[in-house]
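None of these values were measured; they are calculated from a predicted model. We name chains A, B, ... by the order of the sequence lines, and we start the count at 1 in each one.
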Amino acid sequence: MIDLKLLREQPEEVLAIYRDRLFDGAAADIARQLIEVDARRRQIVATTDELKQQRNTGSNAVGREKDPEKRKQLIAEMDGFKGKIAEADQALAALDEQIRSLALQLPNLPDPSVPAGKSDAENRVLREVGAKREFAFAPRAHWDLGEALGLIDFARGVKISGSRFYLLRGIGARLQRALISWMIDVHVEQGYSEVYPPYMVKGECLVGTAQLPKFADTVYRDIEEDFYWVPTAEVPVTNMYRDEVLDAADLPIKHVAYTACFRREKMAHGKDTRGIKRGHQFDKVEMVKFVAPEESLPELEKLVADAEDILKRLELPYRVVEMVTGDLSFSASKKYDLETWAPGCNEWLEVSSCSTFGDFQARRAMIRTKSGKDKPRYVHTLNGSGLALPRTLISVLENYQRPDGSIEVPKVLRSYMGGLETITAPAK
RNA sequence: GGAGGAGUGGCCGAGCGGUUUAAGGCGGCGGUCUUGAAAACCGCUGGAUGAAAGUCCCGGGGGUUCGAAUCCCUCCUCCUCCGCCA
């Protein structure tokens, strides 16, 4: 959520950012409305405060007056106040609601260091790590490998739950489980504290991390109980500290959590339908940090390094992409993506997205920090995948495939797979 | 799911319609004393908004009243007992 004070004091500067950096005219319009409504609200506040002050002093006088007659007279003098205050309060509540709904629709402001650009076409590849593997044969896609080796069952996934669902079976299921355990262990080693959060959350959590109200059509919801299914562990983990003031000495707080993630993915039929790249349910290991504002950018770099560590240890080729302003997500102020090369599908797969949100989420979720007698200030929140499982699985299967159709198990995973070194076709 | 009880400041806890700008204690911070520490004593010690005065916050929301932590309605959470259940 935007700092209303900033918008009030430097309206032109903020509007220029929406217009010239984010190329988002709609946001600029919302901001303009917000400035207007905020000005009106401030007038009404002055009125209500004054009325209330008069009421309070009047009522106190009644309390101090012992003589019944004089008391009656004092009470009579208060006639009409209640109505006036109620009226003003009502007007105020309406304006507050307007401000809230406008403010919640505004995207975050990009960090000054983010390069300007209109779309993902202008994103910059910062570095490419690990050479793409050379294959003496045409590398197969994971959907072929997975079915041939009995690791992935597409048909039955669709039978059970419909399009964009699949099952992992046998060694396939175990490989994913091994990746999850191993990733969490690596992140714990990096200093993250493990969390097992709820998969169903209240709506206010999604407002806190900014999936709501704007992206309501991307999340699954249980109407009966008003629960939402988490689209990412970011939601429950970030909301752990909602409405809290954290001791500055405890920062940075670093958590790692594994959850299934549920997304409606309302996109055109036929796009990205092949394989396990994009589904309504997928697993992800997520890192979440709460840091002092001045640590935001250095902590983002460390977060990226921690995610990269996973790909390095898996010996998978990858690249780091820096998002331009126009390709930032709604709530990010700076963001890097990690993409791993999948030789079978012949594309770079986004396996991690690492962002700092500045104080954008902290304002929405009221997560603050305080040192001694200083005034509380908003923390900065960051998160990054470490990593998304299906695409990591794709990259492992496709990069580690051998000419005979078998797949080598990455060295770091073997101890998590009962020592298994090679995945071969199951006996019929 | 049923029956009872309870939600007050970082924590404990008083207040149950009107000098409460929420008593008191614990914890925390600062000071006096001390070679230093402890003890003792003294002072300070929530948040939002606002330039300030002030206004708002006693689980959330609504109501009654000149005036609500206090009364009423409703929802939530926790505790005890019963039922059910991995």
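Between A:R71 and A:Q54, the residue anchored nearer the 5' end of RNA chain B, judged by the nucleotide with its closest heavy atom, is A:R71. Between A:K52 and A:K202, the residue anchored nearer the 5' end of RNA chain B, judged by the nucleotide with its closest heavy atom, is A:K52.
If you check B:G7 for Watson-Crick or wobble pairing at under 3.5 angstrom, you find it paired to B:C76. Under the Watson-Crick or G-U wobble criterion, with both distances below 3.5 Å, B:G17 is left unpaired in every strand shown. With a cut-off of 3.5 Å on both pairing distances, B:C85 has no Watson-Crick or G-U wobble partner at all. The base-pairing partner of B:C33, taking Watson-Crick or G-U wobble contacts with both distances under 3.5 Å, does not exist among the strands shown. In this structure, B:G67 forms no base pair with any nucleotide, since neither Watson-Crick nor G-U wobble geometry is met with both distances under 3.5 Å.
Using a 4.5 Å heavy-atom cutoff, the side chains of A:V409 and A:E421 are not in contact. Between A:I423 and A:Y400 there is no side-chain heavy-atom pair separated by less than 4.5 Å.
Within 4.0 Å of A:R55, counting heavy atoms only, lie sugar-phosphate atoms of the nucleic acid but no base atom. Using a 4.0 Å heavy-atom distance criterion, A:N56 is classed as a sugar-phosphate-only contact.
Side-chain atoms of A:D185 and A:Y416 form a donor-acceptor pair, as typed in the model, at a separation below 3.5 Å.
In summary, of the residues considered (A:H255, A:H380, A:E299), a side-chain hydrogen bond (donor to acceptor under 3.5 Å, both in side chains) with A:K289 occurs for A:E299 alone.
Remark: P of B:G67 and CG of A:N60 are 12 Å apart, rounded to the nearest angstrom. Protein atom CD of A:E204 is 11 Å distant from nucleotide atom P of B:U77, rounded to whole Å. Separating the CG atom of A:L74 from the C1' atom of B:U65 is a distance of 16 Å, rounded to the nearest angstrom. As a whole-Å value, the separation of A:K72 NZ from B:C66 P is 13 Å. We find that CE of A:M78 is positioned 14 Å from P of B:U65, with the value rounded to whole Å. To the nearest angstrom, P of B:C56 lies 15 Å from CG of A:D96. Here the C1' atom of nucleotide B:C56 and the CG atom of A:L51 are 15 Å apart, to the nearest Å. Atom-to-atom, CZ of A:R242 to P of B:U77 comes out at 13 Å; the value is rounded to the nearest Å.
With sequence neighbours excluded, the residues forming a ring pair (Phe, Tyr, Trp, His ring centres under 6.0 Å) with A:F290 are A:Y241, listed by chain and number.
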Show the distances under 3.5 angstrom between N or O atoms of the protein and N or O atoms of nucleotides 45-49 of chain B.
residue : atom : partner : partner atom : Å
B:G47   : OP1  : A:K370  : NZ           : 3.2
B:G47   : O3'  : A:R368  : NH1          : 3.0
B:A48   : OP1  : A:R368  : NH1          : 3.2

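In the interface, the side chain of A:R64 is not paired with the base of B:G67 through any donor and acceptor atom under 3.5 Å apart.
Note on residues 145-167 of chain A: pairs passing ring pair (Phe, Tyr, Trp, His ring centres under 6.0 Å), not counting sequence neighbours, are A:F165-A:H280.
Taking only side-chain nitrogens and oxygens, A:K82 comes nearer than 4.0 Å to OP1 or OP2 of B:C66.
Dense packing is recorded around CZ of A:R414, with more than 12 heavy atoms of other residues, nucleotides or ligands lying under 6.0 Å away.
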